[in-house]
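In what follows, every heavy atom counts, from backbone to side chain, and hydrogens, waters and symmetry copies are set aside.
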Amino acid sequence: IINEIIKNKVSHTPNIVDNWIFLSEKIQIDGNKWTSLKATFTNDLLELKQAKIEVNSLEAIAKKEGLRFKSNVNFLILDEKIYIPFWFGNRTLNKEINYGSRLNVGFDNFEKDGLYFGSELNSIKLFDDFILDLEPQFLIQRSFKGYTKSYVKKGDSITGDKVKRDATLRDYFALNSQIRGKINKWGLEIDQQISSFDPEKFSDATRLKTNLSKDINFLNSKWKKSFYGIYRDRVWNGSIGESEIYAGYGSKLEKQNSWVVNGINNTEVFYIGLANYKGEALNSKNLVKTKKANFFYSLDQKIPITVEESSNISVDSSYKYIYRPINKGISLNTKLELLYSYYDSGNNQQYLGIGAGPEFVYGDFKKPFFDYTKISLLPFYKLKSGDSLFKFDQISDKFTLDINFDQQLFGPIILKNSATLKVSRAKNYADFINSKISVNWKRRSYELGVFYQPHNEAGGISFSLFGFE
């Protein structure tokens, strides 16, 4: 039976894992109820060993809305060597099983004073189609220090300078939560982050986002219509740095489209929006409030110059590190952007952005050493006029250079770097305004990595499972 299940070649299914192999020594079936002491799911349709989910004391009940799963502690098994515990709990699964790491390790020096650990709890069904997800966190570095530098002085404005304050037991814990569900055909998400449970810091330690959206037909095409609300949203704005939207609400109509013509990959984004914001002023620490209307359009293209495209998108067991063959060669990446923003205060700002640069891809990522290199450079120039009332959306970086560099080091170990440089021709200097460094363990069926973002002093662990058919 196993020989019939395992495939010789498979093709990658982007953004979804909906084909699994299910293995169990014994299954008891009683009507619509299935039980097993131990069952195994794997997305590795070629070898059954790169990634597995081992479920203990499985109980599955077939219902109209999907399969209701219940189990004890389970394990994500990587390469039959690394065992990571997690819990399905008691939940309904539809067509696909999505695995997310239940134990999280992160680094946030801005809000959590450094290293922290988190654990995602089992989803809680509130009512109808609404689900509550909770992730309690322990701020280990803050607890070791015994103080925090993540909040302003008591009584100061939220835009004031952060100061050193004593930390108590209530400051050592944080909580991320999300409520999601459906209201008629609208999808609702409410995300909240709490970085301290000290009542004196609670208003400064809480962030909240709400989003209500659905797909609509407009002008004979598919658009996304959304309404949103914000309380204290962090925004990184290039060389201006960290800024905040203190409060806001608005609506947006957005369309995204991708297509290929004569080998040229095209991706366009268009949206119009109307919002009411309260945030940090552009040239002071004061909070200002105004309505804002904006229009945005972008078109990204990847134009092959000398690209050796694989004639087959399928992979076999010889592809240990990648889920599809690599298209090697030289391409030209181009970017066009248009933006116009108008503020009720009378301010307005707009820009036309144009950029083009090369991308080099070499290697097959099959040999043990240095068999894959990817380098891309994209200079981008903005012809800009006008000013915003706010700091968070001011257009300030007229000339930037995006740099991406990926390099296989040994076997599945790959180094990934991305950065944006602000280039000033007048002052003859360049400065990093965005950056991310990661070291990943890359396999055909999954990818595990550790990353750090120097520009905002944040980092963590990333994990992805890949789907096949």
Counterpart residues, side-chain contact (heavy atoms from CB on, under 4.5 Å), relative to K153 (two or more places apart): D156, V163

Parallel, tilted or perpendicular for F173 and F138, by the 30°/60° rule? tilted

Does K222 have any salt bridge (Lys or Arg N to Asp or Glu O under 4.0 Å) partners at least two apart in sequence or in another chain, and if so, which? D215

Between T334 and I303, is any pair of side-chain heavy atoms under 4.5 Å apart? yes

Can a salt bridge be assigned to the pair D113 and K149 using a cut-off of 4.0 Å between side-chain N and carboxylate O? no

If you take all heavy atoms of G363 and I326, which pair is closest and at what distance? O-CG2, 3.8 Å

With the side chain counted from C-beta on, respond yes when F117 and Q137 share a heavy-atom pair under 4.5 Å apart, and no when they do not. no

Please check if any side-chain donor atom of T42 sits under 3.5 Å from a side-chain acceptor atom of D44, or the reverse. no

Please name all residues satisfying side-chain contact (heavy atoms from CB on, under 4.5 Å) with S157, sequence neighbours left out, ordered by chain then number. T159

Going by atom types alone, do T206 and Q192 pair a side-chain donor with an acceptor below 3.5 Å? no

To the closest 0.5 Å, what do you measure between NZ (K382) and NZ (K384)? 10.0 Å

Quick one: side-chain contact (heavy atoms from CB on, under 4.5 Å) partners of V315, sequence neighbours excluded? V10, L46, Y319, P325, R444

So which heavy atom on R142 is nearest to which on S196, and how close? NH1-CB, 4.2 Å

Determine the sole option in F218, F295, F296 for which the ring pair (Phe, Tyr, Trp, His ring centres under 6.0 Å) test with F270 is passed. F295

Validation row: F107, Y116 side chains within 4.5 angstrom (heavy atoms): no

Can you label the angle between the F227 ring and the W186 ring as parallel, tilted or perpendicular, going by 30° and 60°? tilted

When you look at Y228 and S213, which way does the side chain to side chain donor-acceptor pair (under 3.5 Å) test go after all the steps? CA-CA 8 Å; Y228 59 88; S213 65; over 6 Å; no

A side-chain contact here means heavy atoms from C-beta on lying under 4.5 Å apart; do D191 and S177 qualify? no

Show me the pairs that pass salt bridge (charged side-chain N to carboxylate O under 4.0 Å, His left out) and involve residues 312-323, at least two apart or across chains. none

Closer than 3.5 angstrom, by distance alone: can the side chain of S445 be matched with the main-chain N or O of N43 as a donor-acceptor pair? no

Residues passing the side-chain contact (heavy atoms from CB on, under 4.5 Å) test with K416, sequence neighbours excluded, are D406, I414, S438, N440, E447

Distance col, row K374:NZ vs K328:NZ, nearest 0.5 angstrom, shows 15.5 Å

Say you draw a straight line from OG of S435 to OH of Y452; how long is it, rounded to the nearest 0.5 Å? 8.5 Å

Can you tell me which residue pairs pass the salt bridge (charged side-chain N to carboxylate O under 4.0 Å, His left out) test with a partner in residues 390-401, sequence neighbours excluded? E280-K391, K292-D393, D397-K422

Is the NZ atom of K366 crowded by more than 12 outside heavy atoms at less than 6.0 Å? yes

Excluding sequence neighbours, so at least two apart, what forms salt bridge (Lys or Arg N to Asp or Glu O under 4.0 Å) with D198? K201

Tell me every residue that passes side-chain hydrogen bond (donor to acceptor under 3.5 Å, both in side chains) with N109, counting only those two or more places apart in sequence or in another chain. E457

Heavy-atom neighbours of W223 CH2 exceed 12 at 6.0 Å: yes

If you look only at distance, which donor and acceptor atoms sit under 3.5 Å apart when one is on a side chain in residues 241-249 and the other is two or more places apart or in another chain?
residue: E242; atom: OE2; partner: R234; partner atom: NE; Å: 3.0
residue: S243; atom: OG; partner: V235; partner atom: O; Å: 3.4
residue: E244; atom: OE1; partner: R232; partner atom: NE; Å: 3.4
residue: E244; atom: OE2; partner: R207; partner atom: NH1; Å: 3.3
residue: E244; atom: OE2; partner: R207; partner atom: NH2; Å: 2.9
residue: E244; atom: OE2; partner: R232; partner atom: NH2; Å: 2.9
residue: Y249; atom: OH; partner: N276; partner atom: ND2; Å: 3.2

Could you tell me whether the side chains of D79 and Y446 share a donor-acceptor contact shorter than 3.5 Å? yes

Pairs flagged by salt bridge (charged side-chain N to carboxylate O under 4.0 Å, His left out) wherever residues 343-357 is involved - sequence neighbours left out: none

Scan the side chains in residues 335-342 for donor-acceptor partners under 3.5 Å anywhere in the protein, sequence neighbours excluded, and list what turns up.
residue: K335; atom: NZ; partner: D300; partner atom: OD1; Å: 3.3
residue: K335; atom: NZ; partner: D300; partner atom: OD2; Å: 3.4
residue: E337; atom: OE1; partner: Y351; partner atom: OH; Å: 2.5

Quick check: closest heavy atoms across Y172 and G146, and the distance to 0.1 Å? OH-CA, 4.1 Å

Kindly determine whether N333 and E359 satisfy side chain to side chain donor-acceptor pair (under 3.5 Å), including the steps that lead there. CA-CA 7 Å; N333 294 329; E359 179 178 289; 3.2 Å; yes

May I have the step-by-step check of side chain to side chain donor-acceptor pair (under 3.5 Å) for K164 and T148, ending in yes or no? CA-CA 6 Å; K164 182 177 179 180; T148 175; over 6 Å; no

For the pair Y321 and F365, name the ring-plane relationship: parallel under 30°, tilted 30 to 60°, perpendicular over 60°. tilted

Let me see the working for F410 and F369 under ring-ring contact (aromatic ring centres under 6.0 Å, His included), right down to the final yes or no. CA-CA 5 Å; F410 171 72; F369 301 95; 5.1 Å; yes

